[in-house]
Trainee: 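Got a structure for you, written out below as C-alpha coordinates; questions coming shortly.
Quick note on labels: first sequence line is chain A, next is B, and so on, each numbered from 1. Heavy-atom basis, side chains included; hydrogens, waters and symmetry copies ignored.
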Amino acid sequence: DTAVSQTPKYLVTQMGNDKSIKCEQNLGHDTMYWYKQDSKKFLKIMFSYNNKELIINETVPNRFSPKSPDKAHLNLHINSLELGDSAVYFCASSHTPGLSAYEQYFGPGTRLTVT
Amino acid sequence: RKEVEQDPGPFNVPEGATVAFNCTYSNSASQSFFWYRQDCRKEPKLLMSVYSSGNEDGRFTAQLNRASQYISLLIRDSKLSDSATYLCVVILNAGNNRKLIWGLGTSLAVNP
(Lines give C-alpha, C1' and ligand atoms only; values in the text may rest on other atoms or scores of the structure.)
Protein backbone atom coordinates (compact mmCIF):
# COMPACT_ATOMS: atom_id res chain seq x y z
CA ASP A 1 0.00 0.00 0.00
CA THR A 2 1.25 3.45 -0.88
CA ALA A 3 1.88 5.48 2.27
CA VAL A 4 1.94 8.98 0.77
CA SER A 5 0.60 9.39 -2.73
CA GLN A 6 0.54 12.38 -5.02
CA THR A 7 -1.25 13.05 -8.26
CA PRO A 8 -0.33 13.80 -10.91
CA LYS A 9 3.24 12.55 -11.10
CA TYR A 10 4.00 14.80 -14.05
CA LEU A 11 2.35 18.07 -14.97
CA VAL A 12 3.20 20.15 -18.00
CA THR A 13 1.26 23.35 -18.42
CA GLN A 14 1.50 26.84 -19.83
CA MET A 15 2.18 30.08 -18.05
CA GLY A 16 -0.89 31.70 -16.62
CA ASN A 17 -2.81 28.49 -16.04
CA ASP A 18 -4.17 27.34 -12.70
CA LYS A 19 -3.38 23.81 -11.54
CA SER A 20 -3.79 21.61 -8.48
CA ILE A 21 -1.70 18.80 -7.04
CA LYS A 22 -3.32 16.33 -4.70
CA CYS A 23 -1.76 14.48 -1.79
CA GLU A 24 -3.11 11.73 0.40
CA GLN A 25 -1.53 9.76 3.23
CA ASN A 26 -2.81 6.55 4.79
CA LEU A 27 -0.37 6.50 7.70
CA GLY A 28 -2.71 8.09 10.22
CA HIS A 29 -0.39 11.06 10.59
CA ASP A 30 -1.62 14.39 11.93
CA THR A 31 0.75 16.64 10.03
CA MET A 32 1.30 17.12 6.33
CA TYR A 33 3.75 19.27 4.39
CA TRP A 34 4.40 20.66 0.95
CA TYR A 35 7.96 21.09 -0.28
CA LYS A 36 9.42 22.54 -3.45
CA GLN A 37 12.68 21.18 -4.85
CA ASP A 38 14.10 23.30 -7.62
CA SER A 39 16.63 22.49 -10.31
CA LYS A 40 19.47 23.14 -7.88
CA LYS A 41 18.04 20.41 -5.65
CA PHE A 42 17.30 22.81 -2.81
CA LEU A 43 14.43 21.36 -0.78
CA LYS A 44 12.34 24.15 0.68
CA ILE A 45 9.33 23.76 2.91
CA MET A 46 6.31 25.73 1.78
CA PHE A 47 3.48 24.80 4.12
CA SER A 48 2.66 22.52 6.98
CA TYR A 49 -0.75 21.55 8.30
CA ASN A 50 -1.49 19.89 11.61
CA ASN A 51 -4.99 18.46 11.97
CA LYS A 52 -6.17 20.64 9.08
CA GLU A 53 -4.70 23.80 10.62
CA LEU A 54 -1.87 25.73 9.04
CA ILE A 55 1.18 25.71 11.33
CA ILE A 56 4.03 26.58 8.99
CA ASN A 57 3.64 29.03 6.17
CA GLU A 58 6.94 30.00 4.71
CA THR A 59 7.26 32.96 2.42
CA VAL A 60 5.71 31.77 -0.78
CA PRO A 61 3.70 33.77 -3.31
CA ASN A 62 0.03 33.93 -2.48
CA ARG A 63 -0.62 32.27 -5.83
CA PHE A 64 0.05 29.07 -3.88
CA SER A 65 -2.84 28.01 -1.69
CA PRO A 66 -2.90 24.79 0.30
CA LYS A 67 -6.18 23.16 1.21
CA SER A 68 -6.66 20.42 3.75
CA PRO A 69 -10.17 18.92 3.65
CA ASP A 70 -9.19 16.39 6.31
CA LYS A 71 -6.01 15.32 8.01
CA ALA A 72 -5.31 12.63 5.41
CA HIS A 73 -5.30 15.08 2.50
CA LEU A 74 -3.36 18.21 1.68
CA ASN A 75 -3.82 19.64 -1.77
CA LEU A 76 -1.85 22.45 -3.38
CA HIS A 77 -3.48 24.85 -5.76
CA ILE A 78 -1.37 27.18 -7.86
CA ASN A 79 -2.82 30.17 -9.68
CA SER A 80 -1.32 32.02 -12.62
CA LEU A 81 1.61 29.66 -13.07
CA GLU A 82 4.99 31.19 -13.86
CA LEU A 83 8.12 29.75 -15.42
CA GLY A 84 9.86 29.88 -12.04
CA ASP A 85 7.28 27.53 -10.58
CA SER A 86 8.83 24.67 -12.52
CA ALA A 87 10.15 22.26 -9.92
CA VAL A 88 9.41 19.00 -8.19
CA TYR A 89 6.78 19.35 -5.48
CA PHE A 90 6.87 16.84 -2.67
CA CYS A 91 4.16 16.15 -0.18
CA ALA A 92 5.15 14.64 3.16
CA SER A 93 3.52 13.61 6.41
CA SER A 94 4.54 12.93 9.98
CA HIS A 95 3.06 12.42 13.40
CA THR A 96 2.19 15.52 15.40
CA PRO A 97 5.49 17.32 15.52
CA GLY A 98 7.23 17.27 18.82
CA LEU A 99 10.92 17.83 18.64
CA SER A 100 11.56 14.13 18.31
CA ALA A 101 8.68 13.38 16.00
CA TYR A 102 9.84 14.84 12.76
CA GLU A 103 10.25 11.60 10.89
CA GLN A 104 8.68 12.57 7.60
CA TYR A 105 7.41 10.26 4.92
CA PHE A 106 7.49 11.72 1.44
CA GLY A 107 5.33 11.16 -1.57
CA PRO A 108 6.98 10.36 -4.92
CA GLY A 109 6.84 13.97 -6.05
CA THR A 110 5.05 15.88 -8.81
CA ARG A 111 7.32 17.19 -11.54
CA LEU A 112 5.80 20.47 -12.70
CA THR A 113 7.00 22.04 -15.92
CA VAL A 114 5.67 25.44 -16.89
CA THR A 115 6.21 26.40 -20.51
CA ARG B 1 26.43 32.32 6.83
CA LYS B 2 23.77 29.89 5.65
CA GLU B 3 21.54 28.36 8.30
CA VAL B 4 22.55 24.84 7.31
CA GLU B 5 25.54 24.02 5.16
CA GLN B 6 26.77 20.87 3.55
CA ASP B 7 29.64 20.18 1.19
CA PRO B 8 27.81 19.33 -2.05
CA GLY B 9 30.55 16.94 -3.17
CA PRO B 10 30.47 14.76 -5.13
CA PHE B 11 32.34 12.34 -2.95
CA ASN B 12 33.66 9.51 -5.12
CA VAL B 13 34.76 6.51 -3.09
CA PRO B 14 35.53 2.87 -3.88
CA GLU B 15 33.39 0.06 -2.53
CA GLY B 16 34.37 -0.83 0.99
CA ALA B 17 35.65 2.61 1.85
CA THR B 18 34.67 4.62 4.90
CA VAL B 19 33.29 8.06 4.17
CA ALA B 20 32.07 10.86 6.41
CA PHE B 21 30.00 13.95 5.79
CA ASN B 22 29.42 16.95 7.99
CA CYS B 23 26.54 19.35 8.21
CA THR B 24 27.03 22.65 10.01
CA TYR B 25 24.26 24.80 11.43
CA SER B 26 24.37 28.43 12.42
CA ASN B 27 21.75 28.71 15.14
CA SER B 28 22.83 27.34 18.50
CA ALA B 29 19.15 26.99 19.48
CA SER B 30 18.72 24.19 16.94
CA GLN B 31 17.28 21.25 18.75
CA SER B 32 16.67 18.23 16.55
CA PHE B 33 18.70 16.80 13.73
CA PHE B 34 18.17 14.17 11.06
CA TRP B 35 19.85 12.60 8.07
CA TYR B 36 17.81 11.80 4.99
CA ARG B 37 18.83 10.03 1.85
CA GLN B 38 17.60 10.99 -1.61
CA ASP B 39 18.19 8.85 -4.67
CA CYS B 40 18.22 10.46 -8.09
CA ARG B 41 14.72 11.58 -9.11
CA LYS B 42 13.21 10.04 -6.00
CA GLU B 43 11.78 11.36 -2.76
CA PRO B 44 13.88 11.87 0.38
CA LYS B 45 13.75 9.05 2.92
CA LEU B 46 14.72 9.21 6.57
CA LEU B 47 18.05 7.54 7.19
CA MET B 48 18.44 8.24 10.87
CA SER B 49 17.80 10.71 13.64
CA VAL B 50 20.84 12.20 15.35
CA TYR B 51 20.92 11.89 19.12
CA SER B 52 23.05 13.92 21.47
CA SER B 53 25.05 10.88 22.52
CA GLY B 54 25.54 9.71 18.96
CA ASN B 55 23.86 6.70 17.45
CA GLU B 56 24.63 3.84 15.15
CA ASP B 57 22.53 1.83 12.74
CA GLY B 58 24.49 -0.93 11.07
CA ARG B 59 27.17 0.65 8.92
CA PHE B 60 25.90 4.17 9.62
CA THR B 61 26.92 6.33 12.57
CA ALA B 62 25.51 9.76 13.30
CA GLN B 63 27.01 12.22 15.75
CA LEU B 64 26.19 15.66 17.07
CA ASN B 65 28.77 18.20 18.12
CA ARG B 66 26.91 21.05 19.79
CA ALA B 67 30.04 22.99 20.70
CA SER B 68 31.10 23.24 17.08
CA GLN B 69 27.55 23.19 15.76
CA TYR B 70 27.69 20.35 13.33
CA ILE B 71 26.35 16.86 12.81
CA SER B 72 28.15 14.10 11.02
CA LEU B 73 27.31 10.91 9.17
CA LEU B 74 29.85 8.12 8.87
CA ILE B 75 29.34 5.27 6.44
CA ARG B 76 31.55 2.22 6.85
CA ASP B 77 32.17 -0.46 4.24
CA SER B 78 30.46 1.54 1.48
CA LYS B 79 28.21 -0.34 -0.91
CA LEU B 80 27.29 0.60 -4.47
CA SER B 81 23.73 1.05 -3.22
CA ASP B 82 24.86 3.81 -0.86
CA SER B 83 25.25 6.11 -3.87
CA ALA B 84 22.78 8.90 -3.26
CA THR B 85 22.49 12.44 -1.95
CA TYR B 86 22.53 12.76 1.84
CA LEU B 87 20.52 15.63 3.26
CA CYS B 88 20.68 16.95 6.78
CA VAL B 89 17.67 18.52 8.46
CA VAL B 90 17.79 20.86 11.42
CA ILE B 91 14.74 21.67 13.53
CA LEU B 92 14.72 25.03 15.20
CA ASN B 93 12.13 26.07 17.74
CA ALA B 94 11.78 29.82 17.92
CA GLY B 95 9.00 30.80 20.28
CA ASN B 96 5.74 29.70 18.72
CA ASN B 97 7.40 29.08 15.40
CA ARG B 98 9.04 25.90 14.26
CA LYS B 99 11.49 25.87 11.40
CA LEU B 100 12.63 22.89 9.43
CA ILE B 101 15.82 23.75 7.62
CA TRP B 102 17.22 21.41 5.01
CA GLY B 103 20.77 21.32 3.77
CA LEU B 104 21.45 21.20 0.05
CA GLY B 105 22.78 17.69 0.36
CA THR B 106 26.07 15.90 -0.17
CA SER B 107 26.33 13.69 -3.21
CA LEU B 108 28.02 10.31 -2.76
CA ALA B 109 29.08 8.01 -5.57
CA VAL B 110 30.41 4.59 -4.58
CA ASN B 111 32.38 3.04 -7.40
CA PRO B 112 33.12 -0.63 -8.06
Trainee: Side chain from CB out, backbone as N, CA, C, O: work out which of these in A:Ile45 comes under 4.5 Å of a heavy atom of chain B, or both, or neither.
Mentor: side chain
Trainee: Quick one: what part of A:Phe90 sits under 4.5 Å from any heavy atom of chain B, side chain, backbone, both or neither?
Mentor: side chain
Trainee: Side-chain heavy atoms under 4.5 angstrom apart, residues restricted to Ile, Leu, Val, Met, Phe, Trp, Tyr: same cluster for B:Val50 and B:Tyr70?
Mentor: no
Trainee: Flag yes if A:Tyr10 and A:Trp34 sit in one hydrophobic cluster, no otherwise; membership is Ile, Leu, Val, Met, Phe, Trp, Tyr, and two members link when side-chain heavy atoms are under 4.5 Å apart.
Mentor: no
Trainee: Could you give all pairs that pass the salt bridge (Lys or Arg N to Asp or Glu O under 4.0 Å) test and reach residues 3-13 of chain B, with sequence neighbours left out?
Mentor: B:Glu3-B:Lys99
Trainee: Please report the shortest heavy-atom distance between B:Tyr36 and A:Gln104, naming the atom on each side.
Mentor: OH-N, 2.8 Å
Trainee: For the backbone of B:Lys45 and the side chain of A:Tyr105, can you confirm whether one donor and one acceptor N or O come within less than 3.5 Å of each other?
Mentor: no
Trainee: For the residue pair B:Leu100 and A:Tyr35, establish whether any side-chain heavy-atom pair is separated by less than 4.5 Å.
Mentor: yes
Trainee: Are there residues of residues 101-112 of chain B that reach to under 4.5 Å of chain A by heavy atoms, and which ones?
Mentor: B:Trp102, B:Leu104
Trainee: Taking everything shown except A:Gln37 itself, do over 12 heavy atoms lie less than 6.0 Å from its CD?
Mentor: yes
Trainee: Please, which pairs that meet salt bridge (Lys or Arg N to Asp or Glu O under 4.0 Å) have at least one residue in residues 105-115 of chain A, sequence neighbours excluded?
Mentor: none
Trainee: Of the non-hydrogen atoms in A:Phe106 and B:Pro44, which two are nearest, and what is the gap between them?
Mentor: CD1-O, 3.3 Å
Trainee: Grouping I, L, V, M, F, W and Y whenever their side-chain heavy atoms are under 4.5 Å apart, do B:Tyr51 and B:Ile71 come out in a common cluster?
Mentor: no
Trainee: Would you say B:Leu80 and B:Leu73 are hydrophobically clustered, going by side-chain heavy atoms of ILVMFWY under 4.5 Å?
Mentor: yes
Trainee: Quick one: pull up CE in B:Met48 and CD in A:Glu103 and give me the separation to the nearest 0.5 Å.
Mentor: 12.0 Å
Trainee: NZ of A:Lys44: more than 12 outside heavy atoms within 6.0 angstrom?
Mentor: yes
Trainee: Please determine whether residues B:Trp35 and B:Phe60 belong to a single hydrophobic cluster, defined as Ile, Leu, Val, Met, Phe, Trp and Tyr linked transitively by side-chain heavy-atom distances below 4.5 Å.
Mentor: yes
Trainee: Going by side chain to side chain donor-acceptor pair (under 3.5 Å), name the residues that satisfy it together with B:Asn27, two or more places apart in sequence or in a different chain.
Mentor: none
Trainee: Where does B:Lys42 contact chain A at under 4.5 Å (heavy atoms): side chain, backbone, both or neither?
Mentor: backbone
